[in-house]
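Have a look at the structure below before the remarks.
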Amino acid sequence: MTEPRELGGHAAMHEPLGLVVVGAGPAGMAAAATALDGGLRVALVDAGSAPGGQFWRHPPDDARDALPTEDLHHDLRTYRALRTTLAAHERTGRLILLLDHHVWTAARAADGFTVHAVDRGRPPEERAVVLRAPALLVATGAYDRQLPFPGWDLPGVLTAGGLQSLLKGGGAVAGRRVVLGGTGPFLLPVATALAARGAEVVAVCEAAAPSAWLRHPAPLLRNPAKWAEAAGYAGTLARYRIPLRTRTGIVGAEGDGRDGRVAVVRTASLDADGAPLPGTERRIEADTVGVGWGFVPQLDLLLPLGCGLADAGDGTTAAAVDAGQRTTVPGLYAAGETCGVGGAALALSEGRVAAVSVLTDLSAPGRPGVRPLAAERRSVARHRAFARAMAQAHPLPSAWPAWLTDDTTVCRCEEVTAGAVHAVRDGGPATDHRQVKQLTRAGMGWCQGRMCGPAVHCLVAARTEPYTPAERLIATPVTLGALADSVDSPTDATSSEPT
Ligand SMILES: Cc1cc2nc3c(=O)[nH]c(=O)nc-3n(C[C@H](O)[C@H](O)[C@H](O)COP(=O)(O)OP(=O)(O)OC[C@H]3O[C@@H](n4cnc5c(N)ncnc54)[C@H](O)[C@@H]3O)c2cc1C
């Protein structure tokens, strides 16, 4: 059996943990910093090799000088302040920062929660780490929502978030001539970041009409910072001469026949439902395509814990939380995009609110440095209202299945086509993505439906029903050795005596 990680010899490590935070994005960092300032001993766990999550994704600390990506980030002041706070607590032993640790499951225990992770920091070795604490905060973010189209499985077609992650996490520009498509403001930072790194962004195809925002004046007026951000992107698009084509969709991609990589993107103007308008199709030469249809909250760890869900208003479900970010399970908290997609500023506020709830519920001694809760709650309400408006202004176009042909692959892992999904829908038996999975294997492969699940759901379910991912007991593949370790191990990464 491998030994759990040695944590150093600080006096604080003899104290029990008060809180485990899973996810070191804006929500998890803010929550951990607030809980630490309030006197709790905290473990902050992330699968990535640097804190920051998706918004502040950085190369690993030891590669940052070689791969500068600071110019691609927003609000680095907050990021640096949080890292300074976390580093100070790490030095005293109050914070246990476990990077490259993927949590594969969490379970309720008599005195709180047991969190099982695998340490992947020294490949190929994988080591089991078990954490125990009375409170657990899940801040695991979200992942890109994809809708299939003919050719979306060609090399060179990526998610918009994937393009952004390659850039921010490693300074890698995935292509030279790029077309972006989908819906939502997130396409704009991807376009501007790619252009800033030398890619030619040939078009940004936004399926929605900007006028949809005019139906939501109140959230717009209450969030002037978002206008400033939008104006900044508009200026950058103009500077790099990037055309933003609204009411336009990417309806197909074609390979070049030699290495099969994407060579041509087909776009079309869309009607109000998202159906391509006849005669508007254009062919654009490109070697890379980035597509994003918003995000899906990452609920892997919350579902097996029995956490209640809520309709997020954008076709997905999210963790149901009260005004203090408490889930329906006592001692379990959620913050950031696990509670619905709304951006980094909202995630930060929710993280702080959640930590204050943990401090209150555990009757922690002091709360130095905690920003007045009322202000944070107002910030949450304001940003949530903006997120709702964003979801309504950038809906999934209801007619998107019109882009599919019967032989379009929907589930890439198991190579299930749209025709196969239509057959089990039209034959009567399948009315949700779980049934489609049983009948066609769609969603049964490596990604476990993360890619195809939302699309399959749209193809078979009632239009008003939001997508809820299938429950998975194991959130990431884990070796039998690590599994056996975590069962056998009498100790954990935070035990008072490292072994
Ligand atoms: C690929 C991608 C790129 C994005 N880029 C931008 C951008 O450039 N600009 C922008 O405004 N918004 C971006 N977003 C939206 C962004 O997610 C939010 O605005 C913000 O980062 C949300 O913060 P969060 O703390 O809720 O989650 P995240 O920032 O997503 O942080 C969640 C963290 O949880 C970790 N995690 C998840 N599951 C586990 C697990 N089982 N075990 C251990 N760790 C786990 C992840 O590694 C991640 O670090 C992006 C989203 C995605 C999916």
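Atoms within each ligand, like the ligands themselves, are counted from 1 in listed order.
If you check the side chains of Thr183 and Glu206, you find a donor sitting under 3.5 Å from an acceptor. In this structure, a donor-acceptor pair under 3.5 Å is absent between the side chains of Arg326 and Thr360. A donor and an acceptor atom, one from each side chain of Arg377 and Ser349, are nowhere located under 3.5 Å apart.
For atom 10 (C) of ligand 1, the closest non-hydrogen atom of the protein is Phe55 CD1, 3.3 Å. For atom 29 (O) of ligand 1, the closest non-hydrogen atom of the protein is Gln54 N, 2.9 Å. Regarding atom 5 (N) of ligand 1, its nearest protein heavy-atom neighbour is Phe186 CE1, 3.2 Å. In terms of protein heavy-atom proximity, atom 17 (O) of ligand 1 is closest to Glu337 OE1, 3.1 Å. With hydrogens left out, the protein atom closest to atom 27 (O) of ligand 1 is Gly141 CA, 3.3 Å, a heavy atom. With hydrogens left out, the protein atom closest to atom 40 (C) of ligand 1 is His102 CD2, 3.5 Å, a heavy atom. Closest to atom 39 (C) of ligand 1, if we only count protein heavy atoms, is Thr140 CG2, 3.7 Å. Residue, atom and distance of the protein heavy atom nearest to atom 31 (O) of ligand 1 are Gly25 CA, 3.5 Å.
Heavy atoms of Trp56 found under 4.0 angstrom from ligand 1: none, in either backbone or side chain. Contact annotation: for Trp104 versus ligand 1, there are no heavy atoms closer than 4.0 Å. With a heavy-atom cut-off of 4.0 Å, Ala117 does not touch ligand 1 at all.
Pro185 has its side chain within reach of His394: a pair of non-hydrogen atoms, C-beta onward, lies under 4.5 Å apart. Residues Asp144 and Phe295 have side chains in contact (heavy-atom distance under 4.5 Å, counting atoms from C-beta outward). In this structure the side chain of Asp71 reaches within 4.5 angstrom of the side chain of Arg197, judged on heavy atoms. Residues Val118 and Thr479 are not in side-chain contact: their nearest non-hydrogen atoms beyond the backbone lie 4.5 Å or more apart. The shortest distance between side-chain heavy atoms of Thr85 and Leu36 does not fall below 4.5 Å. Looking at Arg378 and Arg222, their side chains never come closer than 4.5 Å, going by heavy atoms from C-beta outward. Side-chain atoms of Val103 and Val138, non-hydrogen and from C-beta on, never get closer than 4.5 Å to each other. Contact annotation: the side chain of Ser165 approaches that of Gln54 to within less than 4.5 Å [non-hydrogen atoms, C-beta and beyond].
Nearest heavy atoms, Cys458 versus Leu396: SG-CD1, 3.9 Å.
For atom 53 (C) of ligand 1, the candidate residues are Ala142, Gly161, Ala345; the nearest heavy-atom contact is made by Ala142. Taking all heavy atoms of Val190, Val21, Val341, Asp46 into account, the minimum distance to atom 48 (C) of ligand 1 is reached by Asp46. Considering only non-hydrogen atoms, atom 44 (N) of ligand 1 lies nearest to Ala47 out of Ala50, Ala475, Ala47, Ala24. The closest heavy-atom contact to atom 42 (N) of ligand 1, among the options Asp100, Asp75, Val103, comes from Val103.
Contact atoms of ligand 1 toward Gly343: 19 (O) (distance under 4.0 Å to a heavy atom of the residue). Residue contact check: Ala347 has heavy atoms under 4.0 Å from atoms 23 (O), 26 (O) of ligand 1. The atoms of ligand 1 that sit less than 4.0 Å from any heavy atom of Ala344 are 19 (O). With ligand atoms numbered from 1 in the order given, ligand 1 contributes 26 (O) to contacts under 4.0 Å with heavy atoms of Gly336. Residue contact check: Gln164 has heavy atoms under 4.0 Å from atoms 5 (N), 7 (C), 8 (O) of ligand 1. Atoms of ligand 1 lying under 4.0 Å from at least one heavy atom of Gly23, given by number and element, are 33 (C), 34 (O), 35 (C). Listed by atom number, the atoms of ligand 1 under 4.0 Å from His101 heavy atoms are 43 (C). Listed by number with element, the atoms of ligand 1 under 4.0 Å from a non-hydrogen atom of Ser165 are 1 (C).
Between Phe186 and Trp293, a ring centre-to-centre spacing not shorter than 6.0 Å is recorded.
Where the criterion is an N or O separation shorter than 3.5 Å, residue side chain and backbone included, Lys168 meets it with respect to ligand 1. At a 3.5 angstrom cut-off on N or O pairs, Thr338 does not count as close to ligand 1. Note: an N/O pair closer than 3.5 Å links Ala27 and ligand 1 by distance alone.
Using the six-membered ring where Trp is involved, His74 and Phe55 have ring planes that are parallel, under 30° apart on the 30 and 60° scheme.
Using a cut-off of 4.0 Å between Lys/Arg side-chain N and Asp/Glu carboxylate O, Asp300 and Arg450 are scored as salt-bridged.
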